[in-house]
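One structure is given below, encoded as structure tokens.
Letters A, B, ... mirror the listed sequences (proteins, then strands); counts begin at 1. Remember, predicted model here, so these are calculated numbers, not experimental data.
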Protein chains: 2
Amino acid sequence: MRDVARLAGVSTATVSAVLNGKGTVSPELTLRVEKAMQALDYHPDQIARSLRVGRSNVIGMIVPDVSNLFYAEILRGVEESCQKIGYSVILSGSSDDSGNERRHLETLYARRVDGVLLASSVSEAAYDRLTLRRFPLVFVDSVPAGVTSGAVVVDNAEAAFVATNHLIGLGHRRIAIITGRLDRSVGLDRMNGYRRALREAGIWIPDDFVMHGDFHVESGYKYGAELMRLPTPPTAIFCCNNRMTLGLLRALSEQRINCPNDVSVVGFDDADWATSFTPRLTCVAQPTYEIGKRAIGMLLKKIDAADADGAGQEPNVILHAELQVRESTGHPRDK
Amino acid sequence: MRDVARLAGVSTATVSAVLNGKGTVSPELTLRVEKAMQALDYHPDQIARSLRVGRSNVIGMIVPDVSNLFYAEILRGVEESCQKIGYSVILSGSSDDSGNERRHLETLYARRVDGVLLASSVSEAAYDRLTLRRFPLVFVDSVPAGVTSGAVVVDNAEAAFVATNHLIGLGHRRIAIITGRLDRSVGLDRMNGYRRALREAGIWIPDDFVMHGDFHVESGYKYGAELMRLPTPPTAIFCCNNRMTLGLLRALSEQRINCPNDVSVVGFDDADWATSFTPRLTCVAQPTYEIGKRAIGMLLKKIDAADADGAGQEPNVILHAELQVRESTGHPRDK
DNA sequence: TTGAAAGCGCTACCAC
DNA sequence: GTGGTAGCGCTTTCAA
């Protein structure tokens, strides 16, 4: 920068003014400075700038699993929005471990990110007073119990309710569920939606139709296989995330159980493969890209509010998922 | 930091020494400083540190598509390795656009990242003298023509050769291909491997068995459909990436064409869904996680070499993909 | 072994 | 309009 100033015959202050479009520089000097910058292939050092202005234009994002398409899609929404406004995003994967999550939170703080997006948080550290004072934070996808602001979530209970009702409407009575982790709002809400639908339809479900999965492929596989080996297996299964659905479908395939003839399947989370399967998968499609966009929108609001010393309490954004009815659901055969 | 120094009754230099484990500080003072840091919940400002030492401990990674599982898996390898050594990664998606790619390169430079990982680069900007002087850069997945150092790639030609030979070995003679973009090494090499296998087996292939796809779902769908509508359709299709395979499978499903009875399919890239499909998909599995790990390893070497003013010419790392034979390939029926 | 002070590259304030 | 300069929080000589 000094070199630029020297070459243009001005002060560094002027160069800075040109850079930031302060408008108080004469056209003539502006041109000279720009020429000099070009000639020297000068690119302002954002690090130095950040240090000075106390703002990094970087946000952090923590997800449980980088290679889960669901988070990848959210990330895409986040990243594209960030690009437009000159933000960069540091991504870290927590592997569903609260220690990792906490560590990442510390790292991000040390790097002085302007805010962080926390997907499916598994740690209480996230809403420590201390952490919250460090930087604006918005919860994505899953929200800690009792938190009514600063989160972008989907109405999971409603979505599960609709999905289950779809099965009931087709005539199913023996409807099983493979739940997600119940210590997460996403997992619990989906199960509750399912239960409510059954209750309102006056359907009673045996305990062994409720399988407690953990969002991973293996649990979908294992519980799917178990369900179909029951003396009277379900005629429909509601599976609470994309990974487990993959496991479930694998189990069905191995047992040569035909879907939807022998059993109907409703998955949660749409995925690129959902329409390539035979049969095409009926599932609850979450607006992933939109989640990402809204989350970053809320975070920016919070960042601005923090700058302006406003309280910055953004009420939760609640988005709605849409049931995509395709061919993996049909009437029960032995009705 | 000043506060910590004051509270501990020492100078900031001493605090710094403690932080960096310089070892020249008496145990007594060390303890006092640590106490003070704790008491004030002090976390050193990496931004300031970066400015001073000229090293950010951040790397950038540019991928064409954040939500393609293939890149997501590589990213996972990268990210996990980075965590271990205290690096953070800024992720950007180029959407296969060279303008975006160039812009991200500029941004990353402005942020003074220590190096960048560039996946499937589409832009010549990446190997401009200028860009290369800015920071260590390693190419991942796809390598620009003629570049023999600084890249981590898979031997795509060999992988395609093996995959095609697998089909030939099963008795197929009418083997079609849906290629990727031929302006990328990945795309071209795979087609060449396919061609070599056919040539060596003395099999001649009509031109309309070679479909030029672009790595996206739609092209797999479109060309898959076209292939199967040919007067004499192929008995096997080799499909050059995960996305296009999804499209192809959808086309087959819609046309009620049975795989592998009517046509065998070999995909490129393994995916979580590959073993959940019926039939389970035979495909070329790239060592994605390993690619990520090796890439970051090479980048770090380059970074260190750059620090040490060494030339830092790391020869290309060439990894090998493995053919996963499953049920989507079988003998041709009408042989 | 410890501390004083310079300086990384930038911005913002104030004086001209 | 423009420039001089202090200082963001840290590390790193160098002197004590």
Side-chain angles (χ1 to χ4, degrees), chain A residues 1-37 40-58 86 106-114 134-135 307, chain B residues 1-37 40-58 86 88 106-114 134-135 306-307:
Chain A
M1 175 154 167
R2 260 211 314 265
D3 299 336
V4 173
R6 191 150 31 205
L7 183 59
V10 299
S11 74
T12 61
T14 306
V15 176
S16 173
V18 171
L19 269 170
N20 298 295
K22 278 284 182 290
T24 78
V25 184
S26 69
E28 184 200 2
L29 276 196
T30 306
L31 195 67
R32 245 163 56 203
V33 170
E34 277 165 354
K35 277 243 166 69
M37 297 200 300
L40 296 175
D41 189 38
Y42 166 78
H43 287 251
D45 184 331
Q46 293 297 329
I47 298 252
R49 177 168 212 285
S50 299
L51 178 61
R52 177 64 233 240
V53 304
R55 207 175 200 278
S56 59
N57 279 26
V58 174
E106 303 266 288
T107 305
L108 291 173
Y109 175 57
R111 295 209 186 285
R112 298 302 188 263
V113 297
D114 293 341
R134 290 210 218 286
F135 37 53
D307 278 0
Chain B
M1 176 152 167
R2 260 213 312 268
D3 299 337
V4 174
R6 190 150 32 207
L7 183 59
V10 298
S11 76
T12 60
T14 306
V15 176
S16 174
V18 171
L19 269 170
N20 297 295
K22 278 284 182 290
T24 78
V25 184
S26 68
E28 183 199 4
L29 277 197
T30 306
L31 195 67
R32 244 162 58 202
V33 170
E34 276 164 356
K35 277 242 166 70
M37 296 198 303
L40 297 175
D41 188 37
Y42 166 77
H43 288 251
D45 184 331
Q46 293 298 331
I47 297 254
R49 176 166 214 285
S50 300
L51 179 61
R52 178 61 233 240
V53 303
R55 208 176 200 278
S56 59
N57 278 26
V58 173
S88 293
E106 303 267 289
T107 306
L108 291 173
Y109 176 57
R111 296 207 185 285
R112 297 302 187 264
V113 296
D114 293 341
R134 292 209 217 284
F135 36 53
D307 279 0

Does B/Ser26 make a side-chain N or O approach to OP1 or OP2 of C/dT1 shorter than 4.0 Å?
-> no

Give a yes/no on whether any side-chain N or O of B/Thr14 is located under 4.0 angstrom from OP1 or OP2 of C/dG3.
-> yes

Identify the heavy atoms of B/Asn57 and A/Arg111 that sit nearest to each other, and give their distance.
-> O-NH2, 2.9 Å

Take atom [atom1] of [X] and atom [atom2] of [N], then tell me their distance rounded to the nearest Å.
| X | N | atom1 | atom2 | answer |
| --- | --- | --- | --- | --- |
| B/Leu40 | D/dG9 | CG | P | 14 Å |
| B/Met1 | D/dT11 | CE | C1' | 7 Å |
| A/Leu51 | C/dT11 | CG | P | 11 Å |
| B/Arg112 | C/dG9 | CZ | C1' | 9 Å |
| B/Arg52 | D/dT11 | CZ | C1' | 5 Å |
| B/Gln46 | C/dC8 | CD | C1' | 15 Å |
| B/Arg111 | C/dC10 | CZ | C1' | 15 Å |
| B/Arg55 | C/dG9 | CZ | P | 17 Å |

I want to verify a distance call: between [options], whose nearest atom is closest to the [X] side chain?
| X | options | value |
| --- | --- | --- |
| B/Lys22 | C/dC10, D/dT12, C/dA12 | D/dT12 |
| B/Tyr42 | C/dA12, D/dC10, D/dT2 | D/dC10 |
| B/Thr12 | D/dG9, C/dA4, C/dA5 | C/dA5 |

Euclidean distance, B/Arg32 CZ relative to B/Ser26 OG, rounded to 0.5 Å | 8.0 Å

Which part of the nucleic acid does [X] contact within heavy-atom distance under 4.0 Å: base, sugar-phosphate only, or nothing?
| X | answer |
| --- | --- |
| B/Thr24 | base |
| A/Leu29 | sugar-phosphate |
| A/Val15 | nothing |

Given DNA chain C, 5'-ward residue of the pair A/Arg2 and A/Arg49, judged by closest heavy atom = A/Arg2

5' priority, DNA chain C, between B/Ala48 and A/Leu19 [closest heavy atom] | B/Ala48

For B/Ser50 and B/Gln46, indicate whether the former's side chain and the latter's backbone hold a donor-acceptor pair under 3.5 Å.
-> yes

Could you tell me whether a side-chain N or O of A/Asp114 sits under 3.5 Å from a main-chain N or O of A/Arg55, the two making a donor and an acceptor?
-> no

For A/His43 and A/Asp41, run side chain to side chain contact (heavy atoms under 4.5 Å, CB included): C-alpha distance rounded to whole Å, both residues' side-chain angles, the deciding distance at 0.1 Å, then the answer.
-> CA-CA 7 Å; A/His43 287 251; A/Asp41 189 38; 3.5 Å; yes

